[in-house]
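Right, I'll just put the structure down here and ask away after.
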Amino acid sequence: MNLTDEQFSRFFPFDYPRYDQREVIEKILTAFDSGKRHVILSAPTGSGKSVIAVTVANALRDRNFSFHSEIITSQKCLQEQYYHDLNIPIVYGKSNYTCKLSPVLNCECGVCGGRKQKACNDCPYTLAISAARQASICSTNYAFFLQRNKFYAASNSLYADFIVFDECHNLEQEILQMCTFKITDERLQYLGYNTKGYIPVHGTSEENLIAWLNDVKAGLKIEIVKVGHLLQKIDIFNSLSKNGKISPNELREHKKVHTRLKGIVSYINQISLLLEQYQEGNRFIATFGNKEIEFKLLHGSSLFQKYVSNSAVCFLHMSATILSKEQHCKNLGIDLDDAEYISCESRFPLYNRPIFYDPIGSMAFKDKRSTIPKMVKRVDEILTQYKNDKGIIHTISYELTEAMMAGISNKNNWRILVPRPGNRQEVLNHFYTSDEPLVLMSPSLTEGLDLKDDLSRFCIVCKMPFANTNDQWIKERQQEDQTWYAANTCTVLMQMTGRSVRSEKDIASTYILDSCFNFLVYKYGNLFPKWWQESVFSIEDENAIKEKQQEH
């Protein structure tokens with residue numbers, strides 16, 4: 001569909017498009033006009049994917065004033081970017097809003113509970129939902145979107161007309177989280193279900209596992225009635241109405257019981273969904289531990305088809321790392337004839353984003369012991385080379401992270417920051433605001449970081465991000481589809497190398513030190529897009545590339 005200049009200026013949120021944004025927007029609209037329900041956009045960092053999505057939504061709404069669009073993201077920070085950059089209203093989950101009647105509670109376990117419309121008309125969660133529904137475009141996250149879609153799928157009704165999946169390379173995993181859960185003896189006892197010391201162990205037949213899950217589900221349904229009676233006894237709404245305040249004991253008991261209720265409901269919903277999918281032929285993987293079992297469906301395609309595919313008229317899937325239309329469609333059960341694939345080239349100058357292959361040794365399991373000392377030495381050299389610059393080191397494993405911290409010289413060790421689950425945001429905030437040449441080192445900061453300009457002038461990839469085949473789920477998927485396994489590795493690698501160069505004027509160098517990269521490229525190099533392949537150089541080319549950077 002070719003837009004007139006007048007139409008484009010009305011739909012596009014800024015004064016001028018960048019590079020081929022207009023061409024991409026028109027291709028997307030043409031695909032929808034031709035009857036495609038899914039458009040898959042593979043566009044590197046700097047392409048302005050969010051602006052493209054909003055422009056397409058505006059163009060579609062121009063044909064139908066009641067047209068409603070949603071942008072689904074994986075992280076709150078991405079939702080906030082849509083709000084600050086494009087004024088897109090946000091909806092979070094209930095627990096992110098503070099109860100108006102009692103500010104010490106969130107809206108998930110708020111004072112008025114199920115009586116919100118009667119007692120709390122200015123509930124911030126209700127107001128956020130209302131504002132989002134009235135807006136032509138809103139943004140929410142995958143967890144909220146998928147839980148809500150379960151309700152709308154049951155009622156067989158559309159919630160939105162146009163849905164955008166941002167960072168859609170994670171879409172299947174986000175969907176699988178709907179019924180990925182761990183059952184532990186301790187947790188069940190806390191929720192009120194008496195296991196009598198029995199949790200199935202490794203070797204339990206699939207038939208017996210299913211029977212046990214049905215027993216747990218039935219037992220938890222009994223507990224949900226008991227907990228409901230407890231909440232009625234601790235009626236803090238009536239206390240607030242009569243006395244104007246809630247006693248600390250009442251509040252404490254309300255939180256405690258409501259937390260139990262939430263846990264019971266969550267388990268029941270996840271077990272029900274797993275059993276339903278199992279009956280429909282979707283396999284699951286059970287991973288056994290000490291008095292605990294983790295359940296995960298093997299594929300997300302049937303979940304996508306049941307709870308997502310019919311939730312809107314058309315869909316835009318966006319990511320910098322969709323390496324294959326065929327693989328993406330296969331993961332989600334999308335008919336190839338129902339999807340259009342659009343791929344964009346990087347507009348960043350090639351010499352601003354070099355990836356130097358500097359093979360220090362193999363980090364495969366059988367070789368890593370001899371390679372790690374050499375790896376530590378080389379990382380120390382690169383840190384010295386960039387002694388005045390910030391950067392990031394991807395280690396992929398905590399074992400390698402600890403070896404680095406122990407082996408890097410004192411002159412560089414002080415610069416290293418290692419975010420951990422308990423202090424991740426605190427460490428990142430320190431890194432962002434400090435004027436010192438600090439360096440992030442982590443096995444898990446592979447995506448979601450915007451280390452633009454002076455926040456990162458170098459990136460080191462110490463180990464290829466091959467998924468761990470000791471994980472039974474990974475092993476099963478790899479045995480079933482080796483290309484899926486390779487594509488997953490390539491996707492993570494591209495995400496890692498994309499943290500530092502964030503605009504056409506940005507400059508940073510990436511160093512890949514694991515010689516297993518050679519094997520990946522030899523067997524599956526065709527999965528990488530051309531623009532990424534062109535950015536890979538031998539370490540022998542480093543000086544020449546640096547000279548070209550200085551020239552520009």
Side-chain angles (χ1 to χ4, degrees), residues 24 27-28 31-32 34-45 47 49-50 52-53 56 70-74 78 142 145-146 149 162-178 282 297-346 446-448 465 467 473-474 476-478 480-496 498 520 524-533:
V24 170
K27 283 183 177 179
I28 294 170
F32 288 142
S34 70
K36 306 287 188 184
R37 293 189 65 231
H38 299 271
V39 174
I40 304 166
L41 175 62
S42 179
T45 301
S47 303
K49 292 186 286 295
S50 57
I52 290 171
V56 170
E70 279 196 356
I71 299 172
I72 318 301
T73 70
S74 56
L78 297 176
Y142 279 106
F145 166 77
L146 292 168
N149 270 28
F162 174 51
I163 289 176
V164 179
F165 297 120
D166 204 354
E167 300 296 328
C168 70
H169 59 279
N170 291 323
L171 182 50
E172 187 190 17
Q173 289 301 321
E174 294 284 356
I175 291 170
L176 285 169
Q177 287 303 311
M178 291 174 71
N282 194 352
L297 290 175
L298 190 57
H299 300 102
S301 54
S302 59
L303 289 172
F304 179 85
Q305 291 302 314
K306 185 163 188 174
Y307 295 108
V308 179
S309 183
N310 295 320
S311 63
V313 177
C314 53
F315 303 86
L316 175 60
H317 307 238
M318 306 191 308
S319 173
T321 52
I322 309 172
L323 307 185
S324 163
K325 171 188 176 181
E326 291 73 19
Q327 192 68 53
H328 186 74
C329 288
K330 181 179 179 180
N331 291 345
L332 301 174
I334 297 172
D335 188 331
L336 288 173
D337 292 334
D338 202 20
E340 186 77 18
Y341 183 73
I342 300 171
S343 180
C344 302
E345 292 296 311
S346 175
T446 56
E447 57 183 276
W473 187 88
I474 297 290
E476 290 279 345
R477 286 292 292 260
Q478 180 199 29
E480 183 182 84
D481 186 354
Q482 183 63 42
T483 301
W484 168 86
Y485 184 77
N488 180 73
T489 305
C490 295
T491 295
V492 178
L493 179 60
M494 286 184 62
Q495 287 288 333
M496 290 159 63
L520 184 67
Y524 299 102
N526 62 307
L527 292 174
F528 292 107
K530 183 181 177 182
W531 63 265
W532 194 89
Q533 294 180 41

- Query: Who passes salt bridge (charged side-chain N to carboxylate O under 4.0 Å, His left out) against K36, sequence neighbours left out?
  - Reply: none
- Hits for side chain to side chain contact (heavy atoms under 4.5 Å, CB included) against A43, two or more places apart or cross-chain, chain-then-number order -> L41, S47, K49, C344
- Message: Checking S301 now: which residues fulfil side chain to side chain contact (heavy atoms under 4.5 Å, CB included) with it, not counting sequence neighbours?
- Response: H299
- Task: For F165, check ring pair (Phe, Tyr, Trp, His ring centres under 6.0 Å) against everything at least two apart and list the hits.
- Result: F145, F315, H317
- For Q482, side-chain hydrogen bond (donor to acceptor under 3.5 Å, both in side chains) partners two or more places apart: none
- Would you please name every residue forming a side-chain hydrogen bond (donor to acceptor under 3.5 Å, both in side chains) with W532, sequence neighbours left out? T497
- List in chain and number order the residues that pass side-chain hydrogen bond (donor to acceptor under 3.5 Å, both in side chains) with S42, two or more places apart in sequence or in another chain; answer none if no residue qualifies. none
- For S324, what residues pass the side chain to side chain contact (heavy atoms under 4.5 Å, CB included) criterion, not counting sequence neighbours? E326, Q327
- Note on the structure: Residues passing the side-chain hydrogen bond (donor to acceptor under 3.5 Å, both in side chains) test with N282, sequence neighbours excluded, are Q277, S302
- Query: E476: what forms a salt bridge (charged side-chain N to carboxylate O under 4.0 Å, His left out) with it, not counting sequence neighbours?
  - Reply: R283
Side-chain polar contacts of residues 335-342 - donor-acceptor pairs under 3.5 angstrom, sequence neighbours left out - could you list them?
unit_1	atom_1	unit_2	atom_2	d
D335	OD1	D337	N	2.9
D338	OD1	R37	N	3.3
Y341	OH	I322	O	2.9

- Message: Once salt bridge (charged side-chain N to carboxylate O under 4.0 Å, His left out) is applied, do any residues pair with E172, and if so which ones, sequence neighbours excluded?
- Response: R477
